[in-house]
There are 2 protein chains.
Amino acid sequence: MDAAALWQRYQDWLYYDEALRLYVDVSRIRFDDAFVAQMEPRFAKAFKDMEALEAGAIANPDENRMVGHYWLRDPDLAPNDELKRDIVDTLVNIEQFASQIRTGTLYPPGQERFTDILSIGIGGSALGPEFVAQALGPDFPPLDIHFIDNTDPEGIDRTLAQLGDRLKTTLVIVISKSGGTPETRNGMLEVQHRFGEMKIDFSKQAVAITGIDSNLDQLAKSEGWLARFPMFDWVGGRTSELSAVGLLPAALQGIDIRSILGGAKEMDARTRVPDLRNNPAALLALAWYHAGNGQGEKDMVILPYKDSLLLFSRYLQQLVMESLGKEKDLDGNVVYQGIAVYGNKGSTDQHAYVQQLRDGVPSFFVTFIEVLKDREGPSVELEPGVTAGDYLNGFLLGTRQALFDNQRDSITITIPEVNAHFVGVLIALYERAVGFYASLVNINAYHQPGVEAGKKAAANILKLQLQVVQAVQKSGQPMSLSELAKATGSMGEIETIYKIVRHLHFNQRGLAIQGDPGDPQGLKVEAL
Amino acid sequence: MDAAALWQRYQDWLYYDEALRLYVDVSRIRFDDAFVAQMEPRFAKAFKDMEALEAGAIANPDENRMVGHYWLRDPDLAPNDELKRDIVDTLVNIEQFASQIRTGTLYPPGQERFTDILSIGIGGSALGPEFVAQALGPDFPPLDIHFIDNTDPEGIDRTLAQLGDRLKTTLVIVISKSGGTPETRNGMLEVQHRFGEMKIDFSKQAVAITGIDSNLDQLAKSEGWLARFPMFDWVGGRTSELSAVGLLPAALQGIDIRSILGGAKEMDARTRVPDLRNNPAALLALAWYHAGNGQGEKDMVILPYKDSLLLFSRYLQQLVMESLGKEKDLDGNVVYQGIAVYGNKGSTDQHAYVQQLRDGVPSFFVTFIEVLKDREGPSVELEPGVTAGDYLNGFLLGTRQALFDNQRDSITITIPEVNAHFVGVLIALYERAVGFYASLVNINAYHQPGVEAGKKAAANILKLQLQVVQAVQKSGQPMSLSELAKATGSMGEIETIYKIVRHLHFNQRGLAIQGDPGDPQGLKVEAL
């Protein structure tokens, strides 16, 4: 395609909304008119699916749930008055609570005010808040936020060490929809333990964000925690950033949560338009489908040219991969769907893996995110007529061009600046694009059976661990791994037993191994 | 394969070195004996290539350079006494300088001591130091480290705002091998500008790490910077963590750099063994080759179950993708090689994209990194007999098992703990594995033509920007994009011109656009 034709294609396909001030450019994805024509009926279906979902259909059949994260930013759309009131009231409660904390009306026992937030959550209860804190957190927020997003003891220790004595003025937010996520429960118990050691009252500084009447909700209620906020049944973890999960931490940091909601609401309206060419989320879904042949054959590389958007790719990893990475379609056929997502930021990544993107294995398409505003206030010129921001822009344009010239496709999303409004816009854009894509490939985007299976697998291993420790203690003499397998009725699990005892041995937890760790067959295990 | 056979396969292929206390398990990569036999002659060649490289051969023919990062941790192996002395002297200088800074013997003008480090570098001059700071930085380091690793004005502003008045006690390290990396130069100029505004003397707080006699080296010399440390010609950016690039920041943070070097030296010795089954780096290369069919058909997902190793995957993205992502092999054939790398940490990622890994598109293999030690000191039991660390271990084992059962292959690397020694071990392990894999697929792992091309592409865009601004200013009246393209002799570049003027307009930089930004054809551009 010559330069003039390419320029025409760019203009033909450019999505720009004047009120929203957002551009989506899919012209560098090499689909042709025949492909678009072929996709039109599928999009007609996707638009219908979306309409039904927004009207309160059971869009998540496996879990028999409605999918209502769209209502969070436009409560008038909620299917009944009760839901609407829940949304509106929760938002007001969040704002009031955050204001009371920030102004010191609510304060920790014996202290003047809260200084820090410790957010304990994982997956959808961490990735959104982490992304937004990095993207929008002011240089000097009213409260500094910290995260425990794993069950790594050393990670927990480090966070608590860095908080140190400030734990006395730390607001602890425990976030778990089910109230039973093990990593989150573990983090909470470890933090409670530290509170106990420091003789401070956890309940006076603790907030729960969880499903109504979940275990966590009941615990918080019975212990009289400082506050409780609901996670609605009809909001999934990975689309919960605009529920209390994301809004409370954001409000506590002084971020304008009404603007985030407003941006998302505006984008939701744009992506309701049942017209492929005039719907930015549909354009993304079209581009993804073409790039990966509707089967995830290409990875989605996310390259925002802005430091503050560094964590957007991690946020999208969950949103896209957990939504689309499914074994079966809605008719029960095995399809192994999904799109792999990775990326950090430009131009930093140009000095890392863009070498491979330009020259190497063509297993990806890129999404550039361009931010027009360089910074608050004027820039110094670093050489005549050129600023640091011009370089950033130059690197983006040069890389996009070079990739295209070498048959590597890309999408470019352009926003005027990174602020609360546009973070809402981006979140809503991708939520809807994922929904459309799921319709195109006929999968349920709103369940996560593999995550549940992972929890069960871990539970089985912990059960085996307890059996192994019991067997060793009962035996009274050194046992081989085979003997242990036999004693626990787990002959098929010798390798797992080996790994369990190695881990316990290393942490001096009730048993010790003798022999050469590189020769598992010859090892003996005894009680400590 | 039944459980007994799988357990036998595990033991047959388990690499364990008693002195090193490291395990590498490739048994869950589904190669068979025939594949191994077929690869043996290729490994024989790879071992020979490695020997030649270590003896000082020109292993990077495009740049006519030796590849000597192995000498950094064992200077006795350097091909001549001069190189050996350079390495040894630099290390001593780093230690002395870091000690003088930490103890306050060297201090900023009018201040008691340095409190912070601001490291300015990108790619190989940032990813290693960032990874090591997160992995090994103490809870309360003698100096806090901050990074500028991009040319984003807002990112620079945020870092400088957070440093605030402490800039007066900040040691600025500027890292660029060539001395001409634009992002790094821009960061340096922006920081110098801020020093000027604050009326503090940059040169008294600045350190250069750069190639001898590079532009940066000459600048630092002429301005009398506090110190200069060399980047050797025979160390590439992505293998420079164990040169001054990584060692100086680490030493300033109180990290034991001799242990990092020691760990790498030990691993280098193990990976010199010309025997596939007894060489952990060769085993990794074998596994990578099998997983991706020698053509990078599968992504490498890196899942360390330890918060402190979060940035290891970003470090490896560069090491693996910039080394292996090449258009041509050493004979000039177009091969489009590479392996895509991504990942964050377990079990956090199990609540993000592991849903897709388990159930979705099978476009990857996983490398689990298992750390045996849970934490310093004992753990509380969160339920009878079970700690947070047991959960972490359980999630790892459960996920590995579930992936394998669903035909998804994985490697497991096990280390006793995350400390300086084992960070050296891991870095050296992957450096060598990349070297072996490059031999297997016959490419130059030590150049990066795409990165150079990216710099040139950006330079061309900045040149066009200057021409556009000149043309607008000269014209004296509004110009269309076509007129601008004609005036600058760039008819093939209208789209780039559109993007350039949009960026300049938005930052009030000498010109403004009139019209509907969504209709580029109709826009007019005029001087501000």
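A note on names: the letters A, B, ... follow the listed sequences, proteins ahead of strands, and every chain is numbered from 1.
Heavy-atom distances place no part of B/Thr184 under 4.5 Å from chain A, backbone and side chain included. Both the backbone and the side chain of B/Leu397 come within contact range of chain A, judged by heavy atoms closer than 4.5 Å. At a 4.5 Å heavy-atom cutoff, the contact between A/Lys345 and chain B is made by side-chain atoms alone. Heavy atoms closer than 4.5 Å to chain B are found in the side chain of A/Gln11, but not in its backbone. B/Gln295 touches chain A through its backbone: at least one of N, CA, C or O sits under 4.5 Å from a heavy atom, while the side chain does not. Neither the backbone nor the side chain of B/Ser125 comes within contact range of chain A; no heavy atoms are under 4.5 Å apart. For B/Leu464, no part sits under 4.5 Å from any heavy atom of chain A, backbone or side chain. Proximity to chain A is limited to the side chain of B/Phe140, based on heavy atoms less than 4.5 angstrom apart. Within the 4.5 angstrom heavy-atom criterion, only side-chain atoms of B/Asn393, from C-beta onward, approach chain A. For B/Phe506, the part lying under 4.5 angstrom from a heavy atom of chain A is the side chain only. Contact annotation for B/Ala161: both backbone and side-chain heavy atoms come within less than 4.5 Å of a heavy atom of chain A. Heavy atoms closer than 4.5 Å to chain A are found nowhere in B/Asn460, neither backbone nor side chain. For a residue to count as touching a neighbouring chain, one of its non-hydrogen atoms must lie under 4.5 Å from one of that chain's; by this rule B/Gln8 touches chain A with the side chain only. Looking at A/Leu392, the atoms closer than 4.5 Å to chain B (heavy atoms on both sides) sit in the backbone and in the side chain alike. For A/Leu504, the part lying near chain B is the side chain, with the backbone staying farther off; criterion is any non-hydrogen pair under 4.5 Å. Of the atoms belonging to B/Ala402, not a single heavy atom falls under 4.5 Å from chain A.
With sequence neighbours excluded, the residues satisfying side-chain contact (heavy atoms from CB on, under 4.5 Å) with A/Ala352 are B/Leu127, B/Gln318. In this structure B/Ala126 satisfies the side-chain contact (heavy atoms from CB on, under 4.5 Å) test together with B/Glu130, B/Asp149, sequence neighbours excluded.
The choice from B/Asp519, B/Leu14, B/Leu462 that makes the most heavy-atom pairs within less than 4.5 Å of chain A is B/Leu462. Highest contact tally toward chain A, considering only B/Gln465, B/Gln162, B/Glu493, B/Gln350, is held by B/Gln465 [criterion: heavy-atom pairs under 4.5 Å].
Remark: A/Leu310 CG to A/Asn344 CG distance equals 6.0 Å, nearest 0.5 Å. A/Tyr391 contributes atom OH, which lies 16.0 Å from atom CG of A/Leu396 (distance to the nearest 0.5 angstrom).
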*Go through B/Tyr342 and B/Tyr353 one step at a time and tell me if the ring pair (Phe, Tyr, Trp, His ring centres under 6.0 Å) criterion holds.*
CA-CA 11 Å; B/Tyr342 65 90; B/Tyr353 60 82; 5.7 Å; yes
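Note on B/Arg158 versus A/Asp307: no salt bridge recorded, every NZ/NE/NH1/NH2 to OD/OE distance being 4.0 Å or above. Contact check on A/Lys306 versus B/Asp152 returns a salt bridge, with a Lys/Arg side-chain nitrogen under 4.0 Å from an Asp/Glu carboxylate oxygen. Salt bridge present: B/Arg185 and A/Glu383 bring a charged side-chain N and a carboxylate O closer than 4.0 Å.
In this structure, B/Arg502 forms a cation-pi arrangement with A/Tyr23, its terminal cationic atom sitting closer than 6.0 Å to the ring centre and no more than 45° off the ring axis.
No hydrogens or angles considered: nothing links the side chains of A/Thr151 and A/Glu183 as a donor-acceptor pair under 3.5 Å.
Enclosure of atom NZ in A/Lys373 by more than 12 non-hydrogen atoms of other residues, nucleotides or ligands within 6.0 angstrom is indicated.
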